[in-house]
Amino acid sequence: MIRMHNIQDHIKEALRPYYKDREKPDVFPSIFEINHQLYYYFTFAPAAEQLIMKEDGTVPYFHEIQEIALICNSYNVSIETIASIGKKWVESGKRENYEKLRNILRDAQKGLAPLPPDVEAAFHSYLRTADQIIDLQNAVQEAVDDAIIIWDRTNLQELATQQDQIDMRKCIVKMTRAAYKQNEIQLQTEKDRERVWEFVSSRRWPFNMSGWSVYFKLRPYQKNMMKNTPSNIREAEEVGRMVLEEDLPLEQHENVNDVWQHLRNPR
């Protein structure tokens with residue numbers, strides 16, 4: 001892994017004119033290989049600016065590295081997204097929770113039988129929802145695992161390529177698409193879940209321990225699964241925008257000008 005203490009002296013000297021004493025320069029842990037050229041990618045905390053430098057210590061002009069900057073930034077942002085969002089989604093316990101929900105629903109179908117036809121259909125819909133969310137959570141896990149493999153390998157080799165950036169973006173797209181579909185499925189099946197909940201609630205007869213047991217087990221899911229409220233719809237739309245943004249060519253991202261404006265490479 002490349003760090004400031006182990007980069008070559010001529011790179012440190014070439015970097016010195018581009019930051020102030022109160023700033024702390026840092027270097028991306030890998031050199032970027034793009035179009036058969038090698039580049040360092042520097043940051044300058046607390047300033048939110050970057051500098052791209054060639055391996056020989058020369059600093060290209062802004063117009064020479066506009067595309068390079070987008071590739072470097074995309075790779076860096078992908079890593080930050082995996083660390084801040086992907087890790088949280090993986091560690092949410094969602095897969096285990098929905099595996100538990102699936103068992104609760106299957107037991108309820110048996111314990112509360114016979115079920116009216118509309119309730120039976122609603123139970124099947126609820127079960128499909130749990131199955132789909134589990135499958136999609138597995139996709140989230142796979143995407144995060146694949147991204148970590150890329151990140152670890154490039155750190156070890158101290159080299160990240162344009163193909164690594166493309167592959168990392170594929171992981172982000174896969175992850176965000178799966179999360180978006182999880183939200184979409186919950187919003188689409190709200191009525192079926194409500195029908196199941198109404199039926200379960202109606203079976204809380206005195207001394208009917210089976211009905212009460214299902215009620216208490218199902219209540220957390222009824223409370224926490226997404227409904228068609230303004231806040232939940234906004235949350236789903238935000239994830240949807242992540243999907244759309246990541247699927248676009250880099251030069252069409254909303255942050256293009258922002259990336260370029262924060263470059264310290266000479267104009």
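Note that the structure is predicted; figures quoted are calculated from it, not measured. What you see below is based on every heavy atom in this structure, not just the backbone, and it leaves out hydrogens, waters and symmetry mates.
In this structure, Leu187 and Asn228 approach most closely via the heavy-atom pair O-ND2, 3.0 Å. Between Ala143 and Cys171, the shortest heavy-atom contact is CB-O, 3.4 Å. Closest heavy-atom contact between Lys227 and Lys223: NZ-O, 3.7 Å. For the pair Asp118 and Arg195, the tightest heavy-atom approach, listed with the atom from each and the gap, is OD2-NE, 2.8 Å. Closest approach of His262 and Asp258 over heavy atoms only: ND1-O, 2.7 Å. Considering every non-hydrogen atom in both Pro29 and Asn155, the closest pair reads CB-OD1, 3.3 Å.
Hydrophobic clustering, with ILVMFWY side chains joined whenever heavy atoms are under 4.5 angstrom apart, groups Ile71 together with Phe62. Linking Ile, Leu, Val, Met, Phe, Trp and Tyr residues whenever their side-chain heavy atoms come within less than 4.5 Å leaves Tyr18 and Phe28 in two separate clusters. No continuous path of ILVMFWY side-chain contacts below 4.5 Å connects Val173 to Leu250, so the two sit in separate hydrophobic clusters. Both Met4 and Tyr19 are members of a single hydrophobic cluster when ILVMFWY side chains are connected at heavy-atom separations under 4.5 Å. Ile79 and Ile34 end up in the same hydrophobic cluster when Ile, Leu, Val, Met, Phe, Trp and Tyr side chains are linked at under 4.5 Å.
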Full working for salt bridge (Lys or Arg N to Asp or Glu O under 4.0 Å) between Arg102 and Asp107: CA-CA 9 Å; Arg102 186 167 57 187; Asp107 291 343; over 6 Å; no
Trace of the side chain to side chain contact (heavy atoms under 4.5 Å, CB included) decision for Lys24 with Asp26: CA-CA 7 Å; Lys24 184 178 179 181; Asp26 199 5; over 6 Å; no
Test log, rule side chain to side chain contact (heavy atoms under 4.5 Å, CB included), inputs Trp89 and Val144: CA-CA 9 Å; Trp89 287 350; Val144 171; over 6 Å; no
Side chain to side chain contact (heavy atoms under 4.5 Å, CB included) between Leu101 and Leu218, worked out: CA-CA 7 Å; Leu101 171 62; Leu218 200 56; 3.6 Å; yes
Gln261 and Glu49: CA distance, side-chain angles, deciding distance, side chain to side chain contact (heavy atoms under 4.5 Å, CB included) verdict: CA-CA 8 Å; Gln261 288 171 5; Glu49 295 179 342; over 6 Å; no
Evaluation steps, side chain to side chain donor-acceptor pair (under 3.5 Å), between Asn103 and Glu99: CA-CA 7 Å; Asn103 292 332; Glu99 287 172 347; over 6 Å; no
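Residues Asn183 and Tyr180 are not in side-chain contact: their nearest non-hydrogen atoms beyond the backbone lie 4.5 Å or more apart. Counting heavy atoms from C-beta on, the side chains of Gln162 and Glu67 come closer than 4.5 Å. You'll find the side chain of Lys54 reaches within 4.5 Å of the side chain of Pro60, heavy atoms only. With contacts defined as side-chain heavy-atom distances shorter than 4.5 Å, the pair His124/Gln109 qualifies. Looking only at side-chain heavy atoms (C-beta outward), Val196 and Gln222 stay at 4.5 Å or farther from each other. The shortest distance between side-chain heavy atoms of Leu156 and Asp152 does not fall below 4.5 Å. Two residues are said to be in side-chain contact when any heavy atoms from C-beta on lie closer than 4.5 Å; Glu55 and Glu33 fail this criterion. For the pair Ile65/Leu263, a side-chain contact is recorded, criterion being any heavy-atom separation below 4.5 Å from C-beta on.
One distance of note links NE2 of His5 with NZ of Lys12; it measures 8.5 Å at 0.5 Å rounding. In this structure, CD1 on Ile150 lies 11.5 Å from CG on Asp145, to the nearest 0.5 angstrom. Between Thr176 atom OG1 and Ile85 atom CD1 the span is 9.0 Å, to the nearest 0.5 Å. Atoms CH2 and OH, on Trp197 and Tyr221 in that order, are 12.5 Å from each other to the nearest 0.5 Å. Here the CG-CE distance, from Leu136 to Met175, works out to 13.5 Å after rounding to the nearest 0.5 Å. The CE atom of Met168 lies 6.5 Å from the CD1 atom of Ile82; values are rounded to the nearest 0.5 Å.
At most 12 non-hydrogen atoms from other residues, nucleotides or ligands lie less than 6.0 angstrom from NZ of Lys191. The number of heavy atoms from other shown groups lying within 6.0 Å of CD (Glu13) does not exceed 12.
Note on Arg153 versus Asp164: salt bridge recorded, some NZ/NE/NH1/NH2 to OD/OE distance being below 4.0 Å. Ion pairing of Glu184 with Lys181 is absent here, as no side-chain N (NZ or NE/NH1/NH2) approaches a carboxylate O to less than 4.0 Å.
A distance-only check finds no donor-acceptor pair linking the side chain of Asn73 to the backbone of Ala69 [under 3.5 Å]. Formation of a donor-acceptor pair under 3.5 Å by the Arg193 side chain with backbone atoms of Gln186 is found in this model. Looking at Asn265, its side chain does come within 3.5 Å of a backbone N or O of Ile52 through a donor-acceptor pair. With Asn6 contributing its side chain and Met1 its backbone, the two residues share a donor-acceptor pair below 3.5 Å. No donor-acceptor pair under 3.5 Å is formed between the side chain of Thr189 and the backbone N or O of Thr129. Checked by atom type and distance alone, the side chain of Asn97 pairs as donor or acceptor with a backbone atom of Gly93 at under 3.5 Å. Within the 3.5 Å criterion, the main-chain N or O of Thr58 finds a donor-acceptor partner in the side chain of Asp56. Of the possible polar contacts, none joining the Arg203 side chain to the Trp212 backbone as a donor-acceptor pair under 3.5 Å is found.
Looking at residues two or more places apart in sequence or on another chain, you find no side chain to side chain donor-acceptor pair (under 3.5 Å) involving Glu158. Taking Gln50 as the reference, nothing meets the side chain to side chain donor-acceptor pair (under 3.5 Å) condition, with sequence neighbours excluded. Residues satisfying the salt bridge (Lys or Arg N to Asp or Glu O under 4.0 Å) test with Glu23, not counting sequence neighbours, are Arg264. Legend: residues meeting salt bridge (Lys or Arg N to Asp or Glu O under 4.0 Å) with Arg22, ordered by chain and number and at least two apart, are absent. Glu194 pairs by the salt bridge (Lys or Arg N to Asp or Glu O under 4.0 Å) definition with nothing, not counting sequence neighbours.
Side-chain atoms of Thr154 and Tyr75 form a donor-acceptor pair, as typed in the model, at a separation below 3.5 Å. Remark: the Asn138 side chain and the Glu142 side chain contain no N/O donor-acceptor pair separated by less than 3.5 Å. Gln182 and Gln132 share no donor-acceptor pair across their side chains, judged by distance under 3.5 Å alone.
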Let me check something: any side-chain donor-acceptor pairs from residues 38-47 under 3.5 Å, sequence neighbours excluded? List them with distances.
none

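For the pair Arg128 and Tyr126, the cation-pi test (distance below 6.0 Å, angle within 45°) is failed.
Between Tyr61 and His63, the ring planes are parallel. Angles under 30° get that label, and only those over 60° would be called perpendicular.
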